[in-house]
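Every number for a ligand or one of its atoms is a count from 1 in the order of the listing.
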Amino acid sequence: MSNLSEAYTDNPLHLHHIIPLDFDSVRTVPDSHVWPTSHAFESDDQLSIPTVDLMDPDAVKLVGHACETWGVFQVINHGIPLDIIDEVESEARRLFSLPTGHKLKALRSPGGATGYGLARISPFFSKKMWHEGFTVMGSPVDHARELWPNDYQRFCDVMEDYQKKMKELAITLMHLILKSLDLSEEEISKVVSPGGASTALQLNSYPFCPDPSRVMGLAPHTDTSLLTILYQSTINGLEIFKDGVGWVLVSPTNGSLVVNVGDLLHILSNAQFPSVLHRVVLKEKQQRLSLAYFYSPPTDFHVSPLALNPAQIPLYRSVSVREYIHIKAKDVEKALSLIRI
Ligand SMILES: C=C1C[C@]23C[C@@]1(O)CC[C@H]2[C@@]12CCC[C@@](C)(C(=O)O1)[C@H]2[C@@H]3C(=O)O
Ligand SMILES: O=C(O)CCC(=O)C(=O)O
Ligand SMILES: [Fe+2]
């Protein structure tokens, strides 16, 4: 067993942690979705995460500094044509605007990884999130056929093309990031190779909400990946947690993509590049969409701290991607500390 989808089969979820609310029919927020209001919902909307121009000759240094100090940055001049992003967004809108009963035809199965449903972290929170997602790993044809038996090709073509482009960008970014850690080309090519990677594309929708200040779009979490490349359409909502500051809003900027450090890069960099805690709050009643692309090594790859100088001790034991997914499925909050030496 070595693909990402199979890595999730041993940790099946209960259906009530997969099936989203029937958002079409609710007029008020049900108690199951009301989160305690506290100062924690406040965020700093003045500070901004760094922006890195990928054409900048100093990109290696800039990317390294951003990973070290923020764990997240925006990229511009990333080479992803904006019309391709628009097409994915429009196909995602087509999917999420189907009636709830219809979307359930493509429901993620309890031991499955792909299809329509709640975020995987749902079981760890007592309140439900105001969110619905659709996970794609490679070809989405099986689920697309369930949704549109006679009209699934365009959705598949657009999703596959986007994943190809995202993979190229993820590889470019990984080279820059690992170079900034002073890894040799040989070491880099062990971690990053075009043929060998585990990847997933997550379409996120935060539906229209009658009372946005009482709900949580996506609860605070770190991503499991090496890195995640996120496109957020025009609506605010993404916040990252910065030590000493608190929650910082990441406003969408036209044409830029948000890159964040995931747990696997945290381990690989021996915590020099910490994975960033982030969440989505609803700032407006209107529906918000985002597209998250997760890039990781193959599931049988062992991740351990690299590029240590003689004075440094490894903070984490070696762990395969597959094992780390299992550990995180059991305890999302403690996963990193459970492999700490
Ligand atoms: C590859 C993946 C990362 C992810 C689990 C998944 O199989 C596909 C969905 C991803 C997502 C998106 C929302 C937040 C998150 C924590 C979750 O519950 O599902 C991430 C997962 C992750 O990074 O572990
Ligand atoms: O919707 C967003 O802006 C963030 C989504 C996210 O964090 C994720 O899919 O892991
Ligand atoms: Fe995330």
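- Using a 4.0 Å heavy-atom criterion, the residues that approach ligand 1 are Leu4, Tyr8, Ala119, Arg120, Ile121, Thr135, Met137, Ala200, Gln202, His221, Asp223, Thr224, Phe294.
- Listed by number with element, the atoms of ligand 2 under 4.0 Å from a non-hydrogen atom of Val280 are 1 (O), 2 (C), 3 (O), 4 (C).
- For atom 3 (O) of ligand 2, the closest non-hydrogen atom on the protein side is Arg288 NH2, 2.9 Å.
- Atoms CD and OG1, on Gln163 and Thr199 in that order, are 5.5 Å from each other to the nearest 0.5 Å.
- For the pair Arg279 and Trp247, the cation-pi criterion (under 6.0 Å, within 45° of the ring axis) is fulfilled.
- For the pair Arg154 and Trp148, the NZ or CZ position fails the cation-pi test of under 6.0 Å to the six-membered ring centre and within 45 degrees of the ring normal.
- With a 4.0 Å cut-off on non-hydrogen atoms, Thr228 does not touch ligand 2 at all.
- Its N, O or S atom nearest to the Fe ion (ligand 3) is what matters here, and for Asp223 that atom is OD1.
- Polar contact check, His278 against ligand 2: a nitrogen or oxygen pair lies under 3.5 Å apart.
- Ion pairing between Lys328 and Asp263 holds under the 4.0 Å rule for side-chain N and carboxylate O.
- Looking at ligand 2, you won't find any N or O of Gln232 less than 3.5 Å from one of its N or O atoms.
- Remark: at the Fe ion (ligand 3), atom NE2 from His221 and atom NE2 from His278 enclose 90°, rounded to the nearest 10 degrees.
- A salt bridge is absent between Arg93 and Asp86; no separation between the charged side-chain nitrogens and carboxylate oxygens falls under 4.0 Å.
- Under 3.5 Å, the side chains of Glu146 and Tyr152 contain no donor-acceptor pair of N or O atoms.
- Among all heavy-atom pairs drawn from Val250 and Asn236, the shortest one is O-OD1, 4.4 Å.
- Contact detail for Phe96 and Lys103: the closest heavy-atom pair is O-NZ, 2.7 Å.
- With values rounded to the nearest 0.5 angstrom, Ser122 atom OG is found 8.0 Å from His131 atom NE2.
- Among all non-hydrogen protein atoms, the one lying nearest atom 9 (O) of ligand 2 is Asn204 ND2, 2.9 Å.
- Using a non-hydrogen distance threshold of 4.0 Å, His221 registers as a contact of ligand 2.
- Judged as a ring pair (Phe, Tyr, Trp, His ring centres under 6.0 Å), and not counting sequence neighbours, the contacts of Phe134 are Phe155.
- Arg27 has no carboxylate O lying under 4.0 Å from a charged side-chain N of Asp211, or vice versa, which leaves the two without a salt bridge.
- Close approach to Leu218 involves these atoms of ligand 2, each under 4.0 Å from a residue heavy atom: 5 (C), 6 (C), 7 (O), 8 (C).
- Which parts of ligand 2 touch Ala292 is read off a 4.0 Å heavy-atom cut-off, strictly below it: atoms 9 (O).
- Residue Tyr231 does not touch ligand 2, judged by heavy-atom distances below 4.0 Å.
- Between Arg94 and Glu91, at least one side-chain N (NZ, or NE/NH1/NH2) sits under 4.0 Å from a carboxylate O, which counts as a salt bridge.
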